[in-house]
Visitor: 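Can you keep this structure in mind? I'll have questions shortly.
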Protein chains: 4
Amino acid sequence: MLIHIDERSTTPIWEQIVQQLKELLLKKVLQPGDKLPSVRELASSLLINPNTVSKAYQELERQRIIETRRGKGTFITETVVPQGSEQQLGDIRQALKMLVIESSYLGVSRDTLVQWIDGYLNELGGESHANRPQSD
Amino acid sequence: MLIHIDERSTTPIWEQIVQQLKELLLKKVLQPGDKLPSVRELASSLLINPNTVSKAYQELERQRIIETRRGKGTFITETVVPQGSEQQLGDIRQALKMLVIESSYLGVSRDTLVQWIDGYLNELGGESHANRPQSD
Amino acid sequence: MLIHIDERSTTPIWEQIVQQLKELLLKKVLQPGDKLPSVRELASSLLINPNTVSKAYQELERQRIIETRRGKGTFITETVVPQGSEQQLGDIRQALKMLVIESSYLGVSRDTLVQWIDGYLNELGGESHANRPQSD
Amino acid sequence: MLIHIDERSTTPIWEQIVQQLKELLLKKVLQPGDKLPSVRELASSLLINPNTVSKAYQELERQRIIETRRGKGTFITETVVPQGSEQQLGDIRQALKMLVIESSYLGVSRDTLVQWIDGYLNELGGESHANRPQSD
DNA sequence: GTGGTCTAGACCACG
DNA sequence: GTGGTCTAGACCACC
């Protein structure tokens, strides 16, 4: 599996899993319909507790990104619904604002930030539904 | 004091204080050399625990943004050191990456993100040392 | 067969079968004395595990809705026994109560609920033994 | 606490807690702003594991019915947002349909169902925002 | 085999 | 004191 856990990070392990699986999906490494490793498999390969993986999977299911079929395992959802609630958009904006403030302090210029964003969007692949770097 | 605490927010109160003080500084509402309210003062005016304010001040001091002069109080540092450690830069990049991924899922376009960034930079005032929107 | 399995649903497959067979019976698509497909037949036509079909049939048999005649197959029971145990009635009431509570939260009005009930009863056909919409 | 756990029930304990707390809220036994018992308190009074209570609280928070203030405890949300997603409405309708089918089998008439609904709505108190028995 | 639930007990951050 | 995270290990339903 292409997931890497940073034990020293302050972000919970289950959240790291959620984020990295989302990233893999946007990068098309994982495709709709694909089967995810079972809870136990992933847990043992990451050397963590199955409950932790389970929590990550449940969160992804809550976000309709994956779905579980009883007794068969967990799969990437076929229909993608790129729709954010007001609440979630507010969270993004809030996080972005704090990030801009921090960047100011660290001497990261506006243009550098934009370059980084474009870089990440390129990593995710140009075909991603909503985001595309300018020059595309 | 121009600080507002959101009790419901998931970000710790001490972190909200740190962020807002930084913001006030970038907006030049607070200037180098200015005296900050004492821990007890700020705590009682915000109706929060003094320990919480103390923790915020400690963090700001760790970042060399404020300094305590024993017996005199807490002051904004005179010398500005807009230089981020590798560690901090890595944190910013990591946060930005996650933000880009989430934005992709919520259907927030690259250009929207850039607009938001420029908006926040304008709020902070165009003269800020490192960042400047657009015309740069 | 007129049965449709929703793999994504959280209700177990065997339960989906039970419910839909009951529905077909109430709709008079299936009549007392009719022969049901064998466990293997139904399983292969629904692309599911025979054990799952078997469990559904066992449940229906427990409820005296179908009966197996050894060597001959499975049939809809001739004698209808529209009499619920206290236990079953309690379950219904409990389920209905939770449904009413959830409806309250979702803003579904009392009248809407009643309309939905009448709608389903109409689907089942007005001649059903115990229930009849409106004119009753 | 006015919560009762049915150990023999098939519905998970955390879900029973969610349902009963919702009911208490609709009955105005719990009011917006009220403090809920702490996770540990409720757990020990119900003789269950704190994790189980925690799961219930997290689910209620996800539904914006309660909110936790760090270090202070868990509280009923002030602003009520009676808004259901399409998905949730579909779930209700599906549950209602199955309930109607079961009722048909158990000989529960349409009018009995409606009477039960009105009874539950009365229990919840006539002032409830969306539902009201006819005669009101 | 799969995931879901629950327990017991630990550690941590926050206030 | 509060809730959040994680582990270890158990049991269960479903397929």
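A note on names: the letters A, B, ... follow the listed sequences, proteins ahead of strands, and every chain is numbered from 1.
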Visitor: Return the value, rounded to whole Å, for the distance between atom CZ of A/R70 and atom C1' of F/dC12.
Guide: 16 Å
Visitor: For the side chain of D/S38, starting at C-beta, report the closest nucleotide among F/dC15, F/dT2, E/dC14.
Guide: F/dT2
Visitor: Where the side chain of C/W14 is concerned, which of E/dC14, F/dC14, E/dG4 is the nearest nucleotide?
Guide: F/dC14
Visitor: Could you tell me if the side chain of B/I48 sits less than 4.5 Å from the side chain of B/I17, heavy atoms only?
Guide: yes
Visitor: Does the side chain of B/E59 reach to within under 4.5 Å of the side chain of B/R62, using non-hydrogen atoms?
Guide: yes
Visitor: For the side chain of A/P12, starting at C-beta, report the closest nucleotide among E/dG3, F/dT5, E/dC14.
Guide: F/dT5
Visitor: Using a heavy-atom distance cut-off of less than 4.0 Å, which residues of residues 91-99 of chain B contact DNA chain E?
Guide: none
Visitor: Choose from F/dG3, E/dG3, F/dT7 the nucleotide whose nearest atom is closest to any side-chain atom of D/R40.
Guide: F/dG3
Visitor: Quick one, D/R64 and A/Q87 - any side-chain contact, counting heavy atoms below 4.5 Å?
Guide: yes
Visitor: Of the non-hydrogen atoms in C/L60 and C/K22, which two are nearest, and what is the gap between them?
Guide: CD2-CG, 4.3 Å
Visitor: Would a 4.5 Å heavy-atom cut-off, applied to side chains only, mark B/T74 and B/V39 as touching?
Guide: no
Visitor: If you check the A/T68 side chain, which of F/dC15, E/dG3, E/dG15 turns out closest?
Guide: E/dG3
Visitor: Could you tell me how far apart D/E67 (CD) and F/dG3 (C1') are, to the nearest whole angstrom?
Guide: 14 Å
Visitor: Roughly how many Å is it from CG in D/L46 to P in E/dT7, rounded to a whole number?
Guide: 10 Å
Visitor: Which comes earlier along DNA chain E counting from the 5' end, the contact point of A/E41 or that of B/I48, where each point is its nearest nucleotide?
Guide: A/E41
Visitor: Starting from the 5' end of DNA chain E, give me the residue, D/E15 or D/G71, whose nearest nucleotide shows up first.
Guide: D/E15
Visitor: Let me know the distance between CZ of A/R69 and P of E/dG4, rounded to the nearest Å.
Guide: 14 Å
Visitor: Whole-Å distance between E/dG3 P and A/E59 CD?
Guide: 17 Å
Visitor: Using side-chain heavy atoms (C-beta onward) and a distance below 4.5 Å, is B/Q58 in contact with B/S54?
Guide: yes
Visitor: Which atom names give the shortest non-hydrogen contact between C/P12 and A/R70, and what distance separates them?
Guide: CA-NE, 3.9 Å
Visitor: Could you check if a side-chain atom of A/Q16 sits within less than 4.5 angstrom of a side-chain atom of A/D6, using non-hydrogen atoms only?
Guide: yes
Visitor: For DNA chain E, list all stems, counting runs of three or more consecutive pairs where every pair is Watson-Crick or G-U wobble with both distances under 3.5 Å.
Guide: E:1-14 with F:1-14
Visitor: So D/T10, base contact, sugar-phosphate only, or nothing? Heavy-atom distance under 4.0 Å.
Guide: nothing
Visitor: Of C/K55 and D/E61, whose nearest nucleotide on DNA chain F comes first from the 5' end?
Guide: D/E61
Visitor: Write down the distance between NZ (D/K72) and C1' (E/dA13), rounded to a whole number of angstrom.
Guide: 16 Å
Visitor: Closer to the 5' end of DNA chain F via nearest nucleotide, is it A/N51 or C/N49?
Guide: A/N51
Visitor: Which heavy atom of D/I3 sits nearest a heavy atom of D/Q20, and at what distance?
Guide: CA-OE1, 3.5 Å
Visitor: Between P on F/dG3 and CD1 on B/I13, what's the gap in Å once rounded to a whole number?
Guide: 15 Å
Visitor: Does D/Q58 have a side-chain nitrogen or oxygen under 4.0 Å from the phosphate oxygens OP1 or OP2 of F/dG4?
Guide: yes
Visitor: Would you call D/L26 and C/Y105 a side-chain contact if the rule is heavy atoms closer than 4.5 Å?
Guide: yes
Visitor: Atom CZ of D/R8 and atom P of F/dC12: how far apart are they, to the nearest Å?
Guide: 17 Å
